Amino acid sequence: MEAQRLLAHSWLPPAKERPRLEDDGTRTHLRIEGLSASGLTELVARARVAEDIEWVLGEGRCTEFPAYEALLKKFLSKEVLPAALAVQARTDARGSRLFHEGALRERLETALVACGHPTRTEGSTEGTVVFARLEKDRLTLSVSLSDRRLAQRGYKASLSAPAPLREELAAGCWEMLRAATPEAFETNVSTMVWCPFAGSGTFGFEGVSALADATPGLRGRTNTLPCMQFSWWSAPTWEYLVKKSETLIRESTVAVSFLERDTNASASLSVHADAFLAAMGVAPSDAKNANSRFEVTSGDFFGDTTSFLRFPAQCPAQWILVPVNPPYGVRLAHRSDSPKDALSARIALRLLDVAKRLQDARKTAPGDADKETLPKPPRVAGVLLCGSEDEWKSAMKSFTPSLVRATHHFTQGGLDIRALVFVL
């Protein structure tokens, strides 16, 4: 969904090429063909859900090592890799007659050295990754353009929460919510984010990025991504994209209310908020007056009755988007003092109560108020992360299927998470 949106709504002037998006059904890779150099640069700058972007150097069929070596020589002899680029070789083989990954990697390293590229050891984290993947006897040779750093936004200065939600996974959840409620993401719609179980704040910060259609940390990545060493790279194009992203966040009117029970995590959220604004290009002197406002409240999600009402009073919202990521420790096992009811069911019932309170707030306005002129109560929508199938079933039962728009699966912290998208 994100790839389709970025290709359809480019920030750059339309190129002659017409990129084509192909999805082969795998969970790990999408293929885009016909992308111009400027379009590839924009994809690197704007992609928030992708973990990495790879440039395919060549493909071919091979069932024996001599054919494999010949393909490597062919693809690497094009001098497409910068001469000074230090690389590390990685291989993967599935359903192929050439299944010995160690032997495949040794030959890839030999081919890279023969082309003048020093290789790092397998355990090294330095050097741009060159991948040789064999699937059903078909070789795909590619090079990483970001070294899997797209998810590292730069605003998590210090982490105190166990197994914090990764940025690209949070961005993926927001993309799911965008598909369910596109009207909440329109530029002329007033939307706020209420982030209970805030933890390190990832869900809230990624919500601001999604609603502003901006990417934090672009300026900090300048001259650090491997793709910036390639001959087709355009520094002026990158600078334009960086400034565009920073302008969007400065002009954003998204408000975020964080709610966190743990006092230590609550205290660190303020640090992350400052780091997020800095990553978005907001100067320290402007941080207090930034249009993107953050409020951190220490309290219990099940007992708090004010944090979700505070921001609409300051900035009336048409939508309140609620990303819910229950604490990691609670997912693994309920505390001894926890109610026996499934946690996700309690969360769903609490959210339904919040939606009802917002509806009732308009009904209980002062008697002399003109009900017809009062703004409509905000709609509530969000994503609830369920750590087990039982939790997901309990949430479905509490919400009722009519309020659930979609469910998507991903792995986080060693658990199979079900992201349930709801609109109340």
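All values below come from the heavy atoms of this structure, side chains included, with hydrogens, waters and symmetry mates left out. These figures come from a predicted structure and were not determined experimentally.
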Legend entry - salt_bridge(Arg138, Glu135) N-O dist < 4.0 Å: no
Should Leu321 and Trp194 be marked as a side chain to side chain contact (heavy atoms under 4.5 Å, CB included) after you check the CA-CA gap, both sets of side-chain angles, and the distance that decides it? CA-CA 6 Å; Leu321 303 182; Trp194 182 40; over 6 Å; no
Exercise. Would you check, one step at a time, whether the test side chain to side chain contact (heavy atoms under 4.5 Å, CB included) holds for Asp213 with Arg48?
Key: CA-CA 10 Å; Asp213 192 20; Arg48 293 189 299 270; 3.9 Å; yes
Check: Under 4.5 Å between any side-chain heavy atoms of Pro82 and Ser231, yes or no?
Finding: no
Rounded to the nearest 0.5 angstrom, the CZ-CG distance for Arg105 and Leu108 is 9.5 Å
Heavy atoms of Val324 and Pro196 approach each other most closely as CG2-CG, 4.1 Å
**Prompt:** Are Thr202 and Glu167 close enough that a side-chain donor and a side-chain acceptor fall under 3.5 Å?
**Reply:** no
- prompt: Counting only heavy atoms not in Glu64, do more than 12 fall under 6.0 Å of its CD?
  reply: no
Closest non-hydrogen contact found for Ala180 with Val421 is CB-CG1, 3.7 Å
Practice problem: Using only heavy-atom distances, determine whether the side chains of Trp319 and Thr181 contain a donor-acceptor pair under 3.5 Å. | Solution: no
Query raised in the report: Between Glu54 and Arg90, is there a side-chain N and carboxylate O pair less than 4.0 Å apart?
Result: no
Exercise. Does the side chain of Val143 come within less than 4.5 Å of Thr128's, by heavy atoms?
Worked result: yes
Applying salt bridge (Lys or Arg N to Asp or Glu O under 4.0 Å) to Glu2 and not counting sequence neighbours gives none
Quick one: do Leu351 and Leu384 satisfy side chain to side chain contact (heavy atoms under 4.5 Å, CB included)? Show the steps, please. CA-CA 10 Å; Leu351 291 170; Leu384 170 59; 5.5 Å; no
Q | Within 6.0 angstrom of Phe99 CZ, more than 12 heavy atoms from elsewhere | A | no
| said: Donor-acceptor pair, distance only, cut-off 3.5 Å: does the side chain of Thr191 make one with the backbone of Ala184? | reply: yes
Ring pair (Phe, Tyr, Trp, His ring centres under 6.0 Å) filter on Phe399, not counting sequence neighbours, yields Phe422
Tightest non-hydrogen contact, residues Leu98 and Leu104, listed as O-CD1, 3.7 Å
d(Ser344 OG, Leu420 CG) to nearest 0.5 Å is 8.5 Å
Contacts of Phe197 meeting ring pair (Phe, Tyr, Trp, His ring centres under 6.0 Å) (sequence neighbours excluded), chain-then-number -> Phe301
Hits for salt bridge (Lys or Arg N to Asp or Glu O under 4.0 Å) against Lys397, two or more places apart or cross-chain, chain-then-number order -> none
- Query: Hey, is Glu183 close enough to Arg379 for a salt bridge, meaning N to O under 4.0 Å?
  - Reply: no
Taken to the nearest 0.5 Å, the spacing of His408 NE2 from Arg418 CZ works out to 13.5 Å
- prompt: Okay, side chain of Ser245, backbone of Leu241: is any donor-acceptor separation there less than 3.5 Å?
  reply: no
Taking every heavy atom of Ile53 against every heavy atom of Ala47, the minimum-distance pair comes out as CD1-CB, 4.4 Å
Ser402 meets the side chain to side chain donor-acceptor pair (under 3.5 Å) criterion, sequence neighbours left out, with Thr400
Q) Less than 6.0 Å separating the ring centroids of Phe258 and Phe205? A) yes
One should read off an interatomic distance between Phe276 CZ and Leu269 CG, to the nearest 0.5 angstrom, of 12.5 Å
By side chain to side chain donor-acceptor pair (under 3.5 Å), Arg153 pairs with (sequence neighbours left out) Glu206
Within-4.5 Å side-chain heavy-atom neighbours: Val193 and Val208: no
Tyr68 meets the ring pair (Phe, Tyr, Trp, His ring centres under 6.0 Å) criterion, sequence neighbours left out, with none
Given the options Leu76, Thr110, Val87, Cys115 meets side-chain contact (heavy atoms from CB on, under 4.5 Å) only with Leu76
Could you tell me whether a side-chain N or O of Glu260 sits under 3.5 Å from a main-chain N or O of Gly199, the two making a donor and an acceptor? yes
Residues passing the side chain to side chain donor-acceptor pair (under 3.5 Å) test with Ser10, sequence neighbours excluded, are Glu42
**Asked** Would a 4.5 Å heavy-atom cut-off, applied to side chains only, mark Leu40 and Leu145 as touching?
**Response** yes
Salt bridge (Lys or Arg N to Asp or Glu O under 4.0 Å) evaluation trace for Arg178 with Glu175:
CA-CA 5 Å; Arg178 183 196 299 272; Glu175 203 67 35; 3.4 Å; yes
Within the side chain of Asn223, is there an N or O that forms a donor-acceptor pair under 3.5 Å with the backbone of Met228? no
In terms of heavy-atom contacts, Phe410 and Ala419 come closest through CE2-CB, 4.0 Å
The salt bridge (Lys or Arg N to Asp or Glu O under 4.0 Å) partners of Arg221 (sequence neighbours excluded) come to none
In this structure, CG of Leu134 is separated from CD of Glu101 (nearest 0.5 Å) by 9.5 Å
*Under 4.5 Å between any side-chain heavy atoms of Glu168 and Leu150, yes or no?*
no
Next on the checklist: Working note: Leu385 + Val383, criterion side chain to side chain contact (heavy atoms under 4.5 Å, CB included); need CA distance, chi angles, decisive distance, verdict.
Outcome noted: CA-CA 7 Å; Leu385 303 190; Val383 180; 3.9 Å; yes
- prompt: Does the pair Arg94/Asp92 count as a salt bridge with the N-to-O cut at 4.0 Å?
  reply: yes
The salt bridge (Lys or Arg N to Asp or Glu O under 4.0 Å) partners of Glu69 (sequence neighbours excluded) come to Arg107
Salt-bridge criterion met for Glu239 and Arg219 (N-O under 4.0 Å): yes
Between the CG atom in Leu352 and the CD1 atom in Ile347, the distance rounded to the nearest 0.5 Å is 12.0 Å
Practice prompt. Measure the shortest side-chain to side-chain distance between Leu211 and Phe185 over non-hydrogen atoms and say whether it is less than 4.5 angstrom.
Written response: yes
| Can you tell me if Ser252 uses its side chain to pair, donor with acceptor, with the backbone of Leu248 under 3.5 Å? | no
Across all chains, not counting sequence neighbours, the side chain to side chain donor-acceptor pair (under 3.5 Å) partners of Gln152 are none
Closest heavy-atom pair, Ser144 versus Asp147, reported as atoms and distance to 0.1 Å, is OG-N, 2.6 Å
**Report entry** Check: Val189 main-chain N/O paired with Gln318 side-chain donor or acceptor under 3.5 Å
**Finding:** no
So the ring-ring contact (aromatic ring centres under 6.0 Å, His included) pairs with at least one residue in residues 221-241 (sequence neighbours excluded) are Trp55-Phe230, Trp55-Trp232, Phe230-Trp232, Trp233-Trp238
